[in-house]
Amino acid sequence: MRIGFLGLGQMGHAMAKNLVEAGHDVTVWNRSPGKADDLVAAGATRAERPVDAAQGDVVMSMLADDAAVEAVVFGDGGIAGAPALHVGHSTISVDLAERLAASGAYVAAPVFGRPPAAQAGKLFVLAAGDPGLVERCVPLFDTIGQRTFRIGAAPATANLVKLSGNFMIMAAVEAMAEAMTLAEKGGVDRHMLLEVLTGTLFGAPVYQTYGTILVEDRFRPAGFAAPLGLKDMTLADAAATRYRAPMPLLGIVRDHLRATIAVEGEDVDWAGAALAVRRGAGL
Ligand code: NAP
């Protein structure tokens, strides 16, 4: 397939690389052009503007936030009105997903999985949109991911699932941070606590992945930067207001992210929200 790929950050670069290696004809664009260099060396074509990457069958985007997606779609040299089907992988607001769907053929396909999963082609893809359009993209989703979920016909529903899931990750981090802080203050090693919990009742991937980050203090380099995590909690809050769904726990995790960014800086992983819990207990 002739594919365009917009956004070569931690996630997008790995996804585009897998598409190039799978033999697709890939045209890449990134705001900072240097991040495309190794992909071009591996056989991709460099686009000067986003629209130049949207002349084939599909154009995939993996950008930081709503502002980035708006710039790349509706801004100068943007892809609005271009022939390729737009497949949006970024974690964006429900409202922007609706605007994108109203402006042309659009499939929402946000993903679960951190950069190592993206590199390994093991993401989980949450796809929503016209079923015919979604099926057209499945071979691409099979290249970047291990499983595709077909969420529904309205693209924004996939973004709502993604935001719900990211809220639950942060809630799990909060719960683990509180339990580890309690155990540690009471003289129990946090490695031991995690071994017991993941070996008994809490064996789910989220506890294993984030529990390991917490016990090993692996907050830098950030696999998912705390400011992007804060962005997602803010988007979840906007959806909660829209749908009149009280989410008191969301307020706690969002504030712990704010506190962590204020103290640690912008380059800390979002799991660093645990540091706000520890600090509150004097650790
Ligand atoms: P990242 O490494 O910070 O990359 C962000 C990308 O967006 C870069 O290509 C950046 O371009 C581009 N960008 C930012 N602002 C822009 C603007 N105004 N105009 C054009 N391009 C702009 O972020 P990431 O970790 O890959 O995350 C990308 C998306 O995936 C986010 O929506 C995130 O929430 C989501 N996500 C991340 C993870 C994870 O674990 N990291 C997992 C699932 C989903 P430059 O290179 O020029 O800065």
Side-chain angles (χ1 to χ4, degrees), residues 4-18 28-39 46-51 53-54 59-80 87-94 96-97 100 108-127 141 144-146 149 158-159 161-170 173 205-206 209-210 213 218-236 257 261 266-273:
F5 204 103
L6 312 173
L8 304 172
Q10 294 213 72
M11 296 293 289
H13 185 278
M15 294 157 74
K17 190 164 184 229
N18 284 330
V28 291
W29 176 88
N30 194 62
R31 180 180 62 176
S32 318
K35 290 186 187 169
D37 290 351
D38 64 322
L39 296 172
R46 189 192 306 272
E48 293 300 321
R49 303 172 303 162
V51 66
V59 61
M60 303 158 90
S61 60
M62 189 49 154
L63 299 153
D65 53 17
D66 278 29
V69 173
E70 290 198 39
V72 162
V73 175
F74 301 115
D76 264 2
I79 62 171
V87 179
H89 295 289
S90 321
T91 306
I92 55 166
S93 67
V94 168
L96 179 56
L100 292 167
V111 299
F112 281 126
R114 290 168 62 91
Q119 286 153 19
K122 297 273 186 214
L123 296 169
F124 291 104
V125 180
L126 316 173
F141 298 157
I144 62 167
Q146 59 177 295
F149 294 85
N159 297 93
V161 172
K162 172 64 187 166
L163 293 174
S164 302
N166 272 16
F167 158 68
M168 288 187 67
I169 295 172
M170 263 294 102
V173 167
V206 69
T209 302
Y210 283 92
I213 291 173
R218 273 206 262 120
F219 302 121
R220 287 190 180 81
F224 184 50
L228 289 179
L230 178 58
K231 173 259 303 181
D232 290 354
M233 296 307 103
T234 305
L235 296 179
L257 275 169
I261 296 167
E266 307 284 313
D267 64 338
V268 68
D269 195 273
W270 71 329

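Whatever order the structure lists them in is the order used to number ligands and atoms, beginning at 1.
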>> For a 4.5 angstrom cut-off between non-hydrogen side-chain atoms, does S61 reach V87?
In response: no
> Can you list every pair that meets salt bridge (Lys or Arg N to Asp or Glu O under 4.0 Å) and has a residue in residues 112-125, with sequence neighbours left out?
Replying inline: R114-D269
> Near ligand 1, which protein residues have a heavy atom under 4.0 Å away?
Replying inline: G7, L8, G9, Q10, M11, N30, R31, S32, K35, M62, L63, A64, A68, V72, S90, T91, V111, G113, R114, P115, K162, G223, F224, L228, K231, D232
> Hey, which of D38, N18, N30 is the one that makes side-chain hydrogen bond (donor to acceptor under 3.5 Å, both in side chains) with H13?
Replying inline: D38
>> Less than 4.5 Å apart, side chain to side chain, heavy atoms only: is that true for R46 and L39?
In response: no
>> Could you tell me if the side chain of D65 sits less than 4.5 Å from the side chain of L235, heavy atoms only?
In response: no
> Any chance NZ of K231 has more than 12 other-residue heavy atoms, nucleotides or ligands included, within less than 6.0 Å?
Replying inline: yes
